[in-house]
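In the text below, chain A, chain B and the rest are named by the order of the sequence lines, each starting its count at 1.
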Amino acid sequence: MRLEALARAAIADALKRLAPSASREDIPLERPEKLEFGDISSRIAFTLAKELKRPPQAIAQDLAAAVSHPAFEKAVAAGGFLNLHVRPEALREILREILSEGESYGDWSLGGGKPLQVEFVSSNPTGPLTVGHGRQAALGDALANLFSALGWEVTREYYLNDEGRQIELLARSLWARYRQALGEEVPIPEGGYHGDYLVPIGEELAREWGDKYPEWTPAAAEAFRRVAVERMMGMIHEDLAAIGVSFDVWSREGDLHRRGLVWEVFEALREKGAVYEKDGAYWMKSTAYGLSRDPVLIRSDGTPTYLMVDIAYHVDKYRRGFVKVIDVQGADHVEEQQQVKLALRILGYPEEFLDYCVHQFVTLKGREGIEKMSTRAGRFLRLKDLVDELGRDVVRYFMVRRRPGAHLVFDLELAKKTSMENPVYYVQYAHTRIASIFREAEKIGEPVTRDALRMTDLSPLEDPDELALIKELDRFPDVVRKAAESYGPHLLCEYLEELAGIFHPYYNRVRVLGQGEATPARLALLLALKTVLAKGLSLLGVSAPEVM
RNA sequence: GCGCCCGUAGCUCAAUUGGACAGAGCAUCGGCCUUCGGAGCCGAGGGUUGGGGGUUCGAGUCCUCCCGGGCGCACCA
């Protein structure tokens, strides 16, 4: 039983004897930062004060006196808090349980195998992925991993928008590059794509097709659109492969149209009275529901807008059976998100069905001219180039280390360093060091397998750092859960750095091998630590190397 | 102007969603190179949490008003 469960049992028991009427299931628990406040504490006395009509301090004192549980050596009341001090034996028992769970330690069954979708990246095929998309790729993949760990059946989905005006502009830009390759002075169209990446493709088409498309005709538009999308998707796949993200489902806007879903959903909105006609177009009455603007759903030329299709797409997600959908999107889409959520509400879908994980943008520090990125202007750093330069692990880790809602300053000089300034190496190195100890241990015949170590005598574990490590390991499942539910993989980074931060000094101070009975006990602790480090890193999509 | 997000050590960021004296890393300064990997370890200084008011036992966290920044405000996606 983990520390939380033990504390809950101990406090509930005391409460039952002290004030049966006030007994409750939800006992608030915290991990105090200061050692003097014990190993786990509760502010329950504050919550009971009103009900019992007594000051929190008095309640805490009575509870402290009433706590009697084998896992805790003492209970102390301090300023209304109830602080519990755990017995080392109880911690060792926890370690034994962690070892028994092995690699599944940290998993939950909260999701009950229900289908959950994480949609992320979903970049339009108008260019390769930039470092900005990299944040989304790392974030979305980590969230998908985390929700898998919570027990959901997770689908990673990429929504591919391969039609519309932007694609038209891309095709036109590519055609311009093609004409330029044939020696003609054709400018990139207004609002078109200026990036260099279209130049070699234009040259290639010039060689292949010669002067087949001298004018921008419907036939040319069709041909260039097809090639452009195909080639851009090729680049996007290269970028995704570089950062190691793969998707289960690629959905295309065109499919939604073909199935008639867009119009069906539009009619449903109209039946709800949420649509009106003006200037030949159909608008959604969003301002009537408190939003700042009424958006167009159907243009005056009769074609649906991106928003309309997006609403239909989410209806489609619901019909496909997802119980929960998380869309990872940049901060520039907030209004769109409000509109989609509103439409789903009007249509009667459950409020919790759709959630957005909104992230702020990435700015690059240390390279001139690309601080402010723009795919259209051709001013960006390609994701694949960044990964080739720094390595997948560094890019992934840096991208998820910050709270999604905060701006991310990606310091290129820092990321390049292989010293302790670089937190990803700090964590990985802890794992590597443990792996190294195990290689040595095996050579000298110490027990190294999980089966052997979980049966070993753990009583030699009494060093404060050893007990602190067990307490941290005990927290791991809660960190996984919170990182998932708050859409904050950075919490996992923080936790792993904390673990490594206890281990490194310990390693420096305490020898593991050749210490008699202490050796197998320490190996048991380190095996659990190694397992948790590896699992935590893998949830972030980062490797846990045996050697570095 | 309106909507959303953000402002925490010199820098980059946390803070168990309202809890105890606001924590890390980097940078700065000073130590540790004979044993399992030095990509490491130990120590020191550094703060009116942008500012004012409010809510309560208790506020970085909630409400309000300023100041400063980002994003959006298309019959683009």
Side-chain angles (χ1 to χ4, degrees), chain A residues 28-34 36-37 41 43 46 49-50 55-57 78-81 83 122-124 126 161 163-169 191 253 278-283 290-293 295-301 303-307 309-310 330-338 358-361 363 365 401-403 405-411 414 417-426 428-430 432-441 443-444 475 478-479 482 486 490-491 493-494 497-498 501 504-515 519 522 526 547-548:
Chain A
L29 293 170
E30 286 148 41
R31 303 283 182 135
E33 282 157 27
K34 306 278 177 183
E36 56 187 287
F37 294 143
S41 74
R43 53 174 200 276
F46 291 103
K50 202 169 281 180
Q57 292 80 356
F81 289 89
N83 299 331
S122 295
S123 169
N124 295 335
T126 55
N161 200 297
E163 348 206 308
R165 228 181 69 144
Q166 293 307 318
I167 299 297
E168 185 78 9
L169 275 166
E253 180 185 350
K278 194 184 81 180
D279 303 332
Y282 290 93
W283 307 66
L291 295 192
S292 56
R293 192 179 73 86
V296 171
L297 295 176
I298 306 294
R299 300 184 187 96
S300 51
D301 68 2
T303 59
T305 59
Y306 174 84
L307 172 65
V309 180
D310 201 13
D332 52 340
H333 287 265
V334 282
E335 202 216 315
E336 168 83 8
Q337 294 160 9
Q338 291 172 345
V358 180
H359 71 270
Q360 295 292 333
F361 296 114
T363 46
K365 187 175 145 195
R401 205 164 100 95
R402 300 301 174 216
R403 187 164 37 96
H407 290 272
L408 176 67
V409 177
F410 197 109
D411 188 333
L414 191 77
K417 292 186 181 168
T418 55
S419 66
M420 65 186 188
E421 292 170 56
N422 199 330
V424 64
Y425 295 128
Y426 188 77
Q428 286 183 318
Y429 191 49
T432 303
R433 274 182 151 171
I434 297 170
S436 175
I437 292 174
F438 273 87
R439 283 193 294 274
E440 291 301 315
K443 277 187 217 159
I444 59 176
R475 269 180 61 209
D478 295 329
V479 174
K482 193 172 175 195
S486 68
H490 69 287
L491 296 174
C493 297
E494 196 178 57
E497 287 166 39
E498 177 84 30
H504 285 304
Y506 170 74
Y507 170 89
N508 209 257
R509 185 171 56 79
V510 177
R511 233 188 116 71
V512 175
L513 301 180
Q515 305 300 304
T519 292
R522 287 174 185 164
L526 292 193
V547 290
M548 286 172 76

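With sequence neighbours excluded, the residues satisfying salt bridge (Lys or Arg N to Asp or Glu O under 4.0 Å) with A/Glu497 are A/Arg401. By the ring-ring contact (aromatic ring centres under 6.0 Å, His included) test, A/Tyr306 is found to be paired with no residue, residues two or more places apart in sequence or in another chain being considered. When the salt bridge (Lys or Arg N to Asp or Glu O under 4.0 Å) test is applied to A/Glu440, the partners found at least two apart in sequence or on another chain are A/Lys443. Under the ring-ring contact (aromatic ring centres under 6.0 Å, His included) criterion, A/Tyr425 pairs with no residue, sequence neighbours left out.
Nucleotides B/C4 and B/A9 place their P atoms 26 Å apart, quoted to the nearest Å. Comparing B/U56 with B/C13, their C1' atoms sit 30 Å apart, to the nearest whole Å. Here, B/G1 and B/U48 have their C1' atoms 34 Å apart, quoted to the whole Å. When the C1' atom is compared between B/G53 and B/A59, the two are found 14 Å apart, to the nearest whole Å. Separation of the C1' atoms belonging to B/A20 and B/C57 is 13 Å when rounded to the nearest angstrom. Across the P atoms, B/C63 and B/G69 are found 23 Å apart, a figure rounded to whole Å. Separating the P atom of B/G72 from that of B/G46 is a span of 42 Å, rounded to the nearest Å. Spacing between B/G47 and B/G7 at atom C1', rounded to whole Å, works out to 15 Å.
Residue contacts shown for A/Arg475 are absent, as no nucleic acid heavy atom lies under 4.0 Å away. Heavy atoms of A/Asp478 sit nowhere under 4.0 angstrom from any nucleic acid atom. Using a 4.0 Å heavy-atom criterion, one finds that A/Val479 contacts no nucleic acid atom at all. A/Arg293 comes within contact range of the sugar-phosphate backbone alone, with a heavy-atom separation under 4.0 Å but no base atom that close. Backbone-only contact: A/Ala331 has heavy atoms under 4.0 Å from sugar-phosphate atoms and none from a base. Among the heavy atoms of the strands lying under 4.0 Å from A/His490 are primed sugar atoms or P, OP1, OP2 only; no base atom is included.
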Between the protein and nucleotides 17-24 of chain B, are there any N/O to N/O pairs under 3.5 Å, and if so, what are the atom names and distances?
unit_1	atom_1	unit_2	atom_2	d
B/G19	N7	A/Arg43	NE	3.0
B/A20	N6	A/Ser41	OG	2.7
B/A20	N6	A/Asn83	OD1	2.8
B/A20	N1	A/Asn83	OD1	3.0
B/A20	N1	A/Asn83	ND2	3.1
B/C21	N4	A/Glu36	OE1	3.3
B/C21	N4	A/Glu36	OE2	2.9

Name the pairs: protein N/O against N/O of nucleotides 33-36 of chain B, kept only if under 3.5 Å.
unit_1	atom_1	unit_2	atom_2	d
B/C36	O2	A/Leu513	N	3.2
B/C36	N3	A/Val512	N	3.2
B/C36	N4	A/Tyr507	O	2.7
B/C36	N4	A/Val510	O	2.7

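Among all heavy-atom pairs drawn from A/His407 and A/Gln360, the shortest one is CE1-OE1, 3.3 Å. The two residues A/Ser41 and A/Asn83 make their nearest non-hydrogen contact at CB-OD1, 3.0 Å. Considering all non-hydrogen atoms of both residues, A/Leu526 and A/Ile434 come closest at O-CG2, 3.6 Å.
If A/Val409 and A/Trp283 are placed on RNA chain B by their nearest nucleotide, the residue sitting closer to the 5' end is A/Val409. Taking the nucleotide of RNA chain B with the nearest heavy atom to each of A/Arg31 and A/Glu253, the more 5' of the two is matched to A/Arg31.
Proximity of A/Glu336 to A/Asp310: side-chain heavy atoms (C-beta onward) are separated by under 4.5 Å at one or more points. With a 4.5 Å cut-off on side-chain heavy atoms, A/Thr363 and A/Leu408 do not count as touching. Proximity of A/Leu513 to A/Ile444: side-chain heavy atoms (C-beta onward) are separated by under 4.5 Å at one or more points.
Here the CD atom belonging to A/Gln338 is positioned 5.5 Å from the CG atom belonging to A/Leu291, to the nearest 0.5 angstrom.
Put simply, the side chain of A/Ser300 and the base of B/C75 share a donor and an acceptor less than 3.5 Å apart.
Atoms NE2 (A/His504) and P (B/G25) sit 12 Å apart, rounded to a whole Å. Atom NE2 of A/His407 and atom P of B/C6 are 9 Å apart (whole Å). Straight-line distance from the NZ atom of A/Lys278 to the C1' atom of B/C75: 11 Å, rounded to whole Å. What separates CG of A/Leu297 from P of B/A74 is a distance of 15 Å, to the nearest Å. One interatomic measurement links the two molecules: CG of A/Asp411 to P of B/C13, which rounds to 10 Å at whole-angstrom precision. Between the P atom of B/C4 and the CZ atom of A/Phe361 lies a distance of 18 Å, rounded to the nearest Å. Between A/Asp332 atom CG and B/C71 atom P the separation is 10 Å, expressed in whole Å. Distance CD (A/Gln428) to P (B/G37): 18 Å, rounded to an integer number of Å.
Residue A/Val334 has its side chain nearest to B/C4 when only B/C13, B/C4, B/G37 are considered. When the nucleotides B/C4, B/C41, B/C13 are ranked by their closest atom to the side chain of A/Gln338, B/C4 comes out on top. Residue A/Pro505 places its side chain closer to B/C42 than to any other of B/G37, B/A15, B/C42. Here the side chain of A/Gln360 is nearest to one of B/C5, B/G37, B/C75, namely B/C5.
Applying the 90° cutoff around 0 to the glycosidic angle, B/C21 is assigned syn. By the rule that a glycosidic angle within 90° of 0 means syn, B/U17 counts as syn.
Contact annotation: A/Tyr426 side-chain N/O to B/C41 OP1/OP2 distance is under 4.0 Å.
In this structure B/G10 sits in a base pair with B/C26, meeting the Watson-Crick or G-U test at under 3.5 Å. When both pairing distances are held under 3.5 Å, B/C32 makes a Watson-Crick or G-U pair with B/G40. Under the Watson-Crick or G-U wobble criterion, with both distances below 3.5 Å, B/C4 is paired with B/G70. In this structure B/G53 sits in a base pair with B/C63, meeting the Watson-Crick or G-U test at under 3.5 Å. In a base pair of the Watson-Crick type (N1 to N3 plus N6-O4 or O6-N4) or a G-U wobble (N1-O2 and O6-N3), with each distance short of 3.5 Å, B/G58 is matched with no nucleotide.
Side-chain contact check for A/Arg402 and A/His359: no donor-acceptor pair (N or O, by modelled atom type) lies under 3.5 Å.
A/Phe81 and A/Phe46 have perpendicular rings, their planes meeting at more than 60° on a 0 to 90° scale where under 30° would count as parallel.
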